[in-house]
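Everything on this sheet refers to the single structure shown next.
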Amino acid sequence: MTHINQTSAAPAKSARHVIENVSRRGLFAGAGAAGAFVLMARLGPSTARAADSMHYDTGGMGMPHGMVSDPHVFISIDPSGQVTIVAHRSEMGTGSRTSLPMVVAEEMDADWSRVTVVQAPGDEPKYGNQDTDGSRSLRHFYQPMRDCGAAMRMMLEAAAAKQWGVPVSDVAAGLHEVVNKTNGKKLGYGALAVAASAMATPATDTLTFKDPATYRYIGKGNVQIVDLFNITTGRATYGADVKLPGKVYAVIARPPVVGGKVVSFDATEAMKVPGVIKVMEAKGWQPPGTKFLPLGGVAVIAKNTGSAIQGRDKLKIVWDDGPNKTYDSVAFRATLEESARNPDKVVRKLGDADAALKSAAKVVSAEYYTPHFSHATMEPPVGLVSVTKDGAEVWAPVQSPYGTREDLAKLLELPIDKVKVNVTLLGGGFGRKSKCDYVLEAGLLSKAMGVPVQVQWTREDDLQHAFYHTVAAQKIEAGVDANGKVVALKHACAAPTILSTFKAGADHLMPLEQGMGLVDLPYDVPNILALNGKADAHARIGWYRSVYNVPHGFAMQSFIAELAHELGKDPKDMLLEIIGPPRIDDMRKQLTDELWNYGEPWDTHPIDAGRLRRVAEMAAEKAGWGKTLPAGEGMGIAAHRSFVSYIATVVHVKVDGKGNISVPQVDYAVDCGFHVNPERIESQFQGAAVMGLTLAKYSAITFKDGRVEQSNYDNYPMVRIDESPKVTNVHVVPATFANHASGVGEPGVPPFAPALCNAIFAATGKRIRSLPIGNQLA
Amino acid sequence: MITLNVNGQERKVDADPSLPLLWVLRDELGMTGVKFGCGAALCGACTVHLDGEAVRSCGMLLGEVAGKKIVTIEGLDAHGNHPVQKAWRQVNVPQCGFCQAGQIMQAAALLAKTPNPSDEEIDTAMAGNICRCGCYQRIHTAVRVAATGV
Ligand code: FES
Ligand code: FES
């Protein structure tokens with residue numbers, strides 16, 4: 001198999017990208033450099049390609065194992081004409097399992113009704129990077145998949161020309177066939193399959209692409225997700241649905257305090273439960289710094305999941321709680337707030353904000369707090385592993401199939417080619433299923449038991465042993481001059497870092513976390529100071545849909561509306577004033593650490609205040625901003641760039657006399673650059689509104705005596721249909737290929753909570769500075 | 001041995017009567033369309049029909065359901081073309097899809113009793129079913145589409 005973009009020498013530029021653009025996985029695992037090396041040998045942007053107006057550089061080159069676009073890897077054509085396209089990214093609800101193969105089908109001019117999509121196992125050396133997170137699937141793989149389809153089409157055309165003995169210029173691909181332009185003869189893709197696969201794969205810089213005006217699928221929203229029928233009939237296969245002879249079912253009682261361990265246990269009563277096969281200690285590691293290694297505990301293995309759960313209820317375990325047994329969310333909040341008031345690290349400095357604050361005519365200041373969240377994917381973590389003398393095979397809903405494979409191989413001390421990871425559908429991911437601890441647990445148990453073991457996490461396990469979204473305290477101050485112009489903005493954040501999960505002792509935000517709304521805000525204020533305070537982690541901190549953009553976006557977008565109120569301005573006008581005129585805002589030299597631009601090259605994805613401004617204007621206009629609303633109703637606006645997309649949200653809220661919130665309408669303006677599947681973009685933003693409302697109203701994971709206080713949906717509630725936004729309108733900014741594709745899955749979340757809280761202020765005069773809203777309006 | 005009637009077939013199960021029906025259906029009988037989301041009758045992912053009523057199979061014990069007619073998503077319609085299923089596809093409801101079997105079973109039970117529900121009746125009937133992906137707007141639309149004919 002050849003990689004069509006193969007090049008032996010990469011220009012200096014891509015080497016720089018490689019260093020800057022390490023993935024979350026690469027960064028934490030230290031795999032970035034190794035991945036980069038492989039990548040440059042296979043897919044560095046050639047000089048010819050860099051000059052090619054039909055390609056641009058992306059951070060995909062810096063991800064472990066880069067990108068692959070070889071049609072031999074992704075496409076097979078059956079003599080019957082049936083086309084099979086490989087989806088190599090995990091499907092967790094964003095639709096990328098449909099959208100990426102659709103790009104291939106579009107560019108090779110295949111008939112979508114004759115396309116079958118198959119899911120790749122975890123195999124990055126073959127398929128390129130598979131880390132399905134960071135809102136990157138279309139952003140990074142749109143171009144390689146388009147190249148892949150174009151190469152296939154050209155090979156089909158070459159095969160037909162050869163068969164007819166005519167120049168290639170005399171033939172053209174049509175829908176699933178090649179036509180001889182001079183005599184109208186046709187050869188179907190099935191008839192050409194064998195000959196086409198023997199044709200030389202064209203080099204990237206010789207590829208020709210379809211005229212977008214002739215697109216059948218891209219940008220049309222007329223293709224339904226490939227799993228639609230199976231989902232609606234119960235036939236779709238998720239993590240716990242794989243039928244494997246001899247498999248047994250396990251649940252694990254994990255240490256109630258993270259970092260704790262088993263001292264002793266008594267399994268007598270558990271073993272009496274009908275269906276229980278075995279009770280055994282599960283090997284564990286004590287965070288921090290243990291990455292995705294299991295927490296350990298006591299495993300109950302049974303002939304079905306229910307019996308295992310019943311057996312676990314009967315266990316008697318003595319735990320050593322370890323050093324986190326005093327973790328208390330109330331006390332920790334005070335610690336974090338102190339740190340945010342006295343931050344010890346400057347992360348961005350433009351001008352002299354402290355001096356400007358001192359001489360300001362007016363200073364506005366506010367503090368914000370956001371708690372830990374848990375992903376609560378509808379499908380709790382679950383993994384099936386079969387370890388035999390020949391190796392290990394996994395069936396699991398994982399966002400990082402190759403990362404899972406690497407981690408399991410290392411843990412079981414197997415060569416990587418003895419481990420296979422099959423990816424099922426994911427019943428939600430949101431970042432949780434990038435961490436493969438549940439698969440590692442099943443691997444260890446299968447090895448011990450000698451049979452396939454499926455480890456099922458219950459909802460209680462999911463909420464109490466998660467990789468939590470960080471907890472954050474923030475303080476923002478603005479200095480305003482005598483003319484009412486904002487002359488200084490000072491923003492301090494204290495929040496435990498995800499790095500603590502990978503490295504014990506990490507207590508400041510990484511560039512990746514700073515770059516999510518602390519140091520990258522394109523604001524037209526002459527003096528800007530961003531600061532980061534020390535914060536220890538007493539729980540496993542992980543990434544949750546849109547990550548540090550949630551706290552940062554909440555604080556700053558709430559604060560701008562507070563400023564508007566203090567200065568007697570309209571909140572939308574205030575927002576536009578802070579964003580300022582259209583321009584590229586290059587703050588890179590103002591930063592202490594290197595700017596993390598979501599792994600993207602600055603040149604292709606610079607920070608564009610004009611785009612942010614435009615979505616704010618668009619959302620306001622579509623929502624009817626400024627219209628008179630009845631008492632108890634209000635609108636709020638927020639605009640935030642994340643995952644290199646520009647999003648603005650207007651929320652219309654009604655608050656009744658008892659403080660109950662309802663949301664009749666949400667308007668999202670979305671600038672995600674060039675896009676493939678607007679129907680799935682709409683569904684992602686409709687979903688983001690619901691997730692945003694859930695986290696704003698309800699979400700808080702709290703600790704007392706080191707233990708999580710929440711256990712299930714009764715005390716970690718989700719927004720339900722009766723309180724969901726009634727209508728979420730998604731207005732996507734039209735874009736051509738020249739507007740580079742950017743993220744969709746995550747960026748809808750950050751602006752929602754501040755837009756909602758700004759709307760609540762407009763409706764009631766009550767300002768929410770601490771999430772969740774809970775009963776603050778009662 | 002306990003005999004169940006699942007999707008019109010007699011199924012014999014060798015399990016303890018105290019076992020929740022959910023796990024009998026999933027792990028003993030292979031009806032994996034029935035999903036586990038909470039195990040505490042809080043999310044609706046495990047919804048099946050018991051003598052025509054939508055129930056949470058995680059909250060029913062095996063010993064309680066012998067002799068009753070159980071229908072799972074697999075048995076809702078032989079060809080997967082129940083009006084609710086068709087409406088779900090027409091409206092492109094699912095994101096991850098994990099909650100959808102439960103949502104569809106809940107909606108089918110609603111429409112069997114209330115063929116033309118009001119907006120409020122739809123929301124009330126569907127409020128026990130969580131969708132973490134947030135497909136509610138489309139779920140509501142799809143129930144309406146199913147009610148008015150697909
Ligand atoms: S699994 Fe039964 S209601 Fe949630
Ligand atoms: S579609 Fe994912 S939980 Fe409903």
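First the proteins, then the strands, lettered A, B, ... as listed; each starts at 1.
When heavy atoms are compared at a cutoff of 4.5 Å, A/F229 approaches chain B by way of both its backbone and its side chain. Using a 4.5 Å cut-off between heavy atoms, A/E723 does not touch chain B at all. Interface residue A/E379: backbone and side-chain heavy atoms are both found under 4.5 Å from chain B. Residue contact with chain B, scored on non-hydrogen atoms closer than 4.5 Å, involves the backbone and the side chain of A/K726 alike. Both the backbone and the side chain of B/I130 come within contact range of chain A, judged by heavy atoms closer than 4.5 Å. Both the backbone and the side chain of A/A376 come within contact range of chain B, with heavy atoms under 4.5 Å apart. Looking at A/A240, the atoms closer than 4.5 Å to chain B (heavy atoms on both sides) sit in the backbone and in the side chain alike.
Side-chain N or O atoms of A/R459 include none that pairs as donor or acceptor with a backbone N or O of B/L42 at under 3.5 Å. When atom types are taken as modelled, the side chain of B/R132 and the backbone of A/M378 share no donor-acceptor pair closer than 3.5 angstrom. Using modelled atom types, one side-chain atom of A/N712 and one backbone atom of B/C38 make a donor-acceptor pair closer than 3.5 Å. Side-chain atoms of B/D27 come within 3.5 Å of backbone atoms of A/T305 as a donor-acceptor pair (strictly under, hydrogens ignored). With B/Q137 contributing its side chain and A/T728 its backbone, the two residues share a donor-acceptor pair below 3.5 Å.
Across A/R680 and B/P94, no two heavy atoms sit closer than the pair NH1-O, 2.7 Å.
The shortest distance between side-chain heavy atoms of A/I225 and B/Q95 does not fall below 4.5 Å. At a threshold of 4.5 Å between non-hydrogen side-chain atoms, the residues A/L426 and B/C96 do not count as touching. Contact check for B/F36 versus A/P380: side-chain heavy atoms found under the 4.5 Å cut-off. Considering only heavy atoms from C-beta on, A/I231 stays 4.5 Å or farther from B/R89 through its side chain.
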